[in-house]
Structure formats: C-alpha cells, structure tokens
Amino acid sequence: MVCQFLDELQDIIDDRIKHGNSNSYTHRLVSGGVDLISKKVGEEAVEVVVAAMRGDRDWVVRETADLMYHLLVLLRFMGIKFDDVCEELTNRHMARIGPNG
Ligand SMILES: N=c1c2ncn([C@@H]3O[C@H](COP(=O)(O)OP(=O)(O)OP(=O)(O)O)[C@@H](O)[C@H]3O)c2ncn1[C@@H]1O[C@H](COP(=O)(O)O)[C@@H](O)[C@H]1O
C-alpha cells in the first residue's frame with residue numbers, strides 16, 4: 001500500500017475538474033489549462049529540490065505533497081490515471097529483471 005487516499009484524491013480532482021466552482025483551487029488551476037498546471041508542477045518540483053538541499057525532512061514532505069497534488073491534477077487533466085504510471089514502472093521493472101526473475 002503506497003497511499004490509500006490517492007484514489008480518493010483522484011476522484012475529488014475529477015469532480016472539481018467537471019463541477020468545481022471558484023471556491024475550488026483545483027477548478028481555478030485547471031481553468032488555466034495545461035500551461036498553468038505544468039508551470040505549477042515545475043515550481044513545486046523546484047521547491048522539493050530546495051527543501052532537500054537544505055536537509056529539512058518535514059519541508060521535503062510538505063513540498064512533495066504539493067508536487068504530488070499538482071502532478072495528479074496534470075495527469076487527470078490529460079486523462080491519465082496514476083495506475084497508468086504504476087503500470088509503466090512495473091513494466092520497466094519486469095523488463096529489467098527478465099522472465100525468470
Ligand atoms: N491537496 C491539495 C493541495 N495541495 C496544495 N494545494 C494548493 O496549491 C497551492 C500551492 O501553491 P503555492 O505554494 O504556489 O501557493 P499559492 O501562492 O497560494 O498558489 P498560486 O495561487 O500562486 O497558484 C496552494 O493554494 C494550496 O492550497 C492544494 N489544493 C487542493 N488540494 C486538495 O484537492 C482537493 C480539492 O480541493 P479544492 O479544489 O480546493 O476543492 C482537496 O482534497 C484538497 O485538499
């Protein structure tokens with residue numbers, strides 16, 4: 001189990017993309033399209049790097065949560081599920097270890 005809440009968060013994001021109002025940060029974010037969402041993903045990734053280079057574990061956790069959320073919004077906006085990413089990682093692993101493990 002990586003994060004049980006991830007599935008639920010994807011569903012909430014889907015709902016906000018379709019039915020959100022101005023109170024929803026997600027809805028405001030997706031109204032800026034792929035350019036704005038991608039810009040935010042880039043910013044949050046840089047913030048993870050800065051926090052890591054300062055050696056601040058708690059800060060890294062908070063910035064990684066920001067990054068994961070924005071990444072999920074980007075994926076769902078493009079019709080991609082986190083399961084698709086998981087499948088890609090699994091395929092890479094299987095290709096590396098070969099059929100006999
Ligand atoms: N997990 C998150 C989440 N993480 C980070 N953020 C927002 O991402 C933004 C982070 O951007 P910055 O750090 O640059 O701060 P900012 O200056 O306020 O951002 P900008 O206005 O410049 O974009 C903040 O506004 C955070 O509130 C999130 N917004 C929403 N969620 C979840 O998404 C779901 C739907 O939320 P709503 O769309 O708000 O209903 C709920 O489960 C929320 O908990």
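First listed ligand is number 1; within each ligand, the first listed atom is number 1. Position 1 is the first residue of the sequence; numbering continues from there.
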Would you say [X] and [Y] are hydrophobically clustered, going by side-chain heavy atoms of ILVMFWY under 4.5 Å?
X     : Y     : value
Leu67 : Met78 : yes
Leu72 : Leu36 : yes
Met68 : Val61 : no
Ile80 : Val34 : yes
Val85 : Ile37 : yes

Show the atoms of ligand 1 that are less than 4.0 angstrom away from any heavy atom in [X].
X     : answer
Ser24 : 37 (P), 38 (O), 39 (O), 40 (O)
Glu44 : 10 (C), 11 (O), 12 (P), 13 (O), 14 (O)
Ile12 : 34 (C), 35 (C)
Lys40 : 11 (O), 12 (P), 14 (O), 19 (O), 20 (P), 22 (O), 23 (O)
Asp66 : 4 (N), 5 (C)

- Task: Provide, to 0.1 Å, the distance between atom 31 (N) of ligand 1 and the closest protein heavy atom, together with that atom's residue and name.
- Result: Tyr69 CE1, 3.4 Å
- Using heavy atoms and a threshold below 4.0 Å, how should the contact between Leu9 and ligand 1 be classified: side chain, backbone, both, or neither? side chain
- Under 4.0 Å, heavy atoms only, figure out whether ligand 1 is touched by the backbone of Thr26, its side chain, both or neither. both
Determine, counting only non-hydrogen atoms of the protein, whether one lies under 4.0 angstrom from [atom].
atom                    : answer
atom 26 (C) of ligand 1 : no
atom 15 (O) of ligand 1 : no
atom 29 (N) of ligand 1 : yes
atom 18 (O) of ligand 1 : no
atom 34 (C) of ligand 1 : yes
atom 37 (P) of ligand 1 : yes

- Item | Polar atom proximity, Arg16 to ligand 1 (N or O, under 3.5 Å) | yes
- Backbone or side chain, does any N or O of Tyr25 fall under 3.5 Å from an N or O of ligand 1? yes
- Under 6.0 Å from the CD atom of Gln4, do we count more than 12 heavy atoms belonging to anything else shown? no
- Assess whether atom NE2 of His93 is packed by more than 12 heavy atoms of other residues, nucleotides or ligands within 6.0 Å. no
- Which pair of heavy atoms, one from Thr64 and one from Val48, lies closest together, and at what distance? N-CG2, 3.8 Å
- Task: Of all the heavy-atom pairs spanning Ser38 and Leu74, show the shortest one and how long it is.
- Result: OG-CD1, 3.8 Å
- Query: Ring centroid separation for His70 and Tyr25, is it under 6.0 angstrom?
  - Reply: yes
- Query: Is the shortest heavy-atom distance from the side chain of Tyr69 to the side chain of Thr26 under 4.5 Å?
  - Reply: yes
- Message: Check contact between His70 and ligand 1, using heavy atoms of the residue and a distance below 4.0 angstrom.
- Response: yes
